[in-house]
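Worksheet for the structure shown next.
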Amino acid sequence: MSPLAAVVIALVALVVIFSATWAWQLKTENAGMVDPIWAYSLGLVAVLYAVLGTGDPSSRALTAIGGLVWGMRLGTHLWKRNFGKPEDARYHRFREQWGAQAASKMFWFFQLQVVISMLLSIAFLVPSYRTTPVSGSWMVLAVALWTASVAGEAIADRQLRRFKSDPANRETVCRAGLWRYSRHPNYFFECVHWLAYIALSVGTPWGWFTLLPPLLMAFLLLKLSGIPLLEESMAKRRPGYADYMRTTSALIPWPPRH
């Protein structure tokens, strides 16, 4: 199947998925469930492109496995974190700001997730249609980046979950493990994950397009919906977080400043 046809199928599927998720949140009044749905659906897009693609089998297989495992792990983590819990503070803030227009604006916010997913899915599309095999060195680099990123993000998520599960830590800031060196180590490894598909695309005419997903993810997390919204809330309600911000790297793990 041609790349354009695969993109159209993915687009239609995502519009349907996120429209259904929007309808679901109308009843639950919890827009936070868009987070796990986003991860799950994007992982499935990786498999879709790999199945419909006409490229090298090894490249398609690595793309499908990499995207699916990443999406299932992250989606399951977010599902356990959000399902049955109060709405994420970011989405609750949107709902309050939008007032009577919350339902319609939330619909278009959910469709924005479709646009973001389609842009990120370029990372899966290009290697699924490469006509030549991936060289051994680039394949090793891709697997190494993917393994380090998914394992690192899982470790960071587990460390934070363990910290929050202790009632004694309710009003304190997590500085355990990776969180001592980065305020958002999970976000750092999320950015690294998207670099793996650049390595799978080296040598293809459209390989440079795979630079977009990691740059987009870094922008979203650093400037838009990730760190700014989260830290604005945390600095107000968590004692010691302002000091944590002054001494600890925002994204890239680095020894804390005195």
Side-chain angles (χ1 to χ4, degrees), residues 1-18 36-78 112-154 186-221:
M1 182 176 291
S2 71
L4 179 59
V7 167
V8 170
I9 292 174
L11 176 61
V12 172
L14 289 175
V15 168
V16 171
I17 289 171
F18 281 97
I37 297 300
W38 170 81
Y40 282 140
S41 61
L42 194 49
L44 293 176
V45 169
V47 176
L48 176 70
Y49 285 163
V51 170
L52 299 180
T54 57
D56 174 67
S58 61
S59 179
R60 290 161 57 197
L62 286 174
T63 299
I65 295 171
L68 181 64
V69 174
W70 162 82
M72 294 303 104
R73 190 217 69 83
L74 180 58
T76 301
H77 164 71
L78 294 171
L112 177 61
Q113 309 310 307
V114 175
V115 176
I116 293 172
S117 293
M118 291 303 298
L119 291 174
L120 291 173
S121 74
I122 293 172
F124 308 135
L125 182 68
V126 174
S128 294
Y129 281 88
R130 69 170 300 151
T131 57
T132 58
V134 185
S135 70
S137 56
W138 286 114
M139 186 178 296
V140 168
L141 178 60
V143 172
L145 285 170
W146 183 91
T147 302
S149 64
V150 174
E153 190 170 7
N186 52 339
Y187 288 173
F188 168 75
F189 287 110
E190 177 62 30
C191 292
V192 172
H193 163 254
W194 297 98
L195 298 176
Y197 306 98
I198 298 177
L200 286 180
S201 303
V202 170
T204 65
W206 303 101
W208 62 275
F209 271 104
T210 55
L211 294 171
L212 176 62
L215 292 175
L216 174 60
M217 181 57 68
F219 172 76
L220 292 173
L221 294 177

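Numbers for residues simply follow the sequence, beginning at 1.
Atom-to-atom distance recorded for Leu120:CG and Leu212:CG is 7.5 Å, nearest 0.5 angstrom. A distance of 10.0 Å separates NE2 in His193 from CZ in Arg73, rounded to the nearest 0.5 Å. Distance check: Tyr197 OH to Ser128 OG gives 10.0 Å after rounding to the nearest 0.5 Å. A distance of 6.5 Å separates CG of Leu216 from CD1 of Ile116, quoted to the nearest 0.5 Å.
The two residues Ser117 and Leu14 have their closest heavy-atom pair at CB-CD1, 3.8 Å. Arg60 and Val51 get closest at one heavy-atom pair: NH2-O, 3.6 Å. Closest non-hydrogen pair, Ser41 versus Ile17, comes out as CB-CD1, 4.1 Å. Here the closest heavy-atom approach between residue Pro213 and residue Leu119 is recorded as CG-O, 3.8 Å. Of all non-hydrogen atoms in Trp38 and Met217, the two that sit nearest each other are CH2-CE, 3.9 Å. For the residue pair Val47 and Ala64, the shortest heavy atom distance occurs at CG2-O, 4.0 Å.
Residues Phe124 and Leu42 have side chains in contact (heavy-atom distance under 4.5 Å, counting atoms from C-beta outward). The shortest distance between side-chain heavy atoms of Met118 and Val45 does not fall below 4.5 Å. A heavy-atom distance below 4.5 Å is not found between the side chains of Pro127 and Leu62.
Residues passing the side chain to side chain contact (heavy atoms under 4.5 Å, CB included) test with Ile198, sequence neighbours excluded: Leu195, Thr210, Leu211, Pro214. Partners of Thr76 according to the side-chain hydrogen bond (donor to acceptor under 3.5 Å, both in side chains) rule, which considers only residues two or more places apart in sequence or in another chain, are Tyr40. Every residue two or more places apart in sequence or in another chain that forms a side chain to side chain contact (heavy atoms under 4.5 Å, CB included) with Tyr187 is listed here: His184, Leu221, Ile227, Leu230, Leu251. Take Thr204 and apply the side chain to side chain contact (heavy atoms under 4.5 Å, CB included) test, not counting sequence neighbours, and it matches Val126, Arg130, Ser201. Considering only residues two or more places apart in sequence or on other chains, Ser2 meets the side chain to side chain contact (heavy atoms under 4.5 Å, CB included) condition with Leu4, Ala5. Evaluation of the ring-ring contact (aromatic ring centres under 6.0 Å, His included) rule for Trp206 yields Phe209 as partners, not counting sequence neighbours. With sequence neighbours left out, the side-chain hydrogen bond (donor to acceptor under 3.5 Å, both in side chains) criterion links Ser58 to Asp56. Legend: residues meeting side-chain hydrogen bond (donor to acceptor under 3.5 Å, both in side chains) with Glu190, ordered by chain and number and at least two apart, are Trp70, Trp194.
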side-chain contact (heavy atoms from CB on, under 4.5 Å) for Met1 and Ile9? Distances and angles first, verdict last.
CA-CA 11 Å; Met1 182 176 291; Ile9 292 174; 3.6 Å; yes
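Contacts classified as ring-ring contact (aromatic ring centres under 6.0 Å, His included) and involving residues 41-64 (residues at least two apart or in different chains) are not found. Listed by first then second residue, pairs satisfying side chain to side chain donor-acceptor pair (under 3.5 Å) with a partner in residues 139-152 number zero, not counting sequence neighbours.
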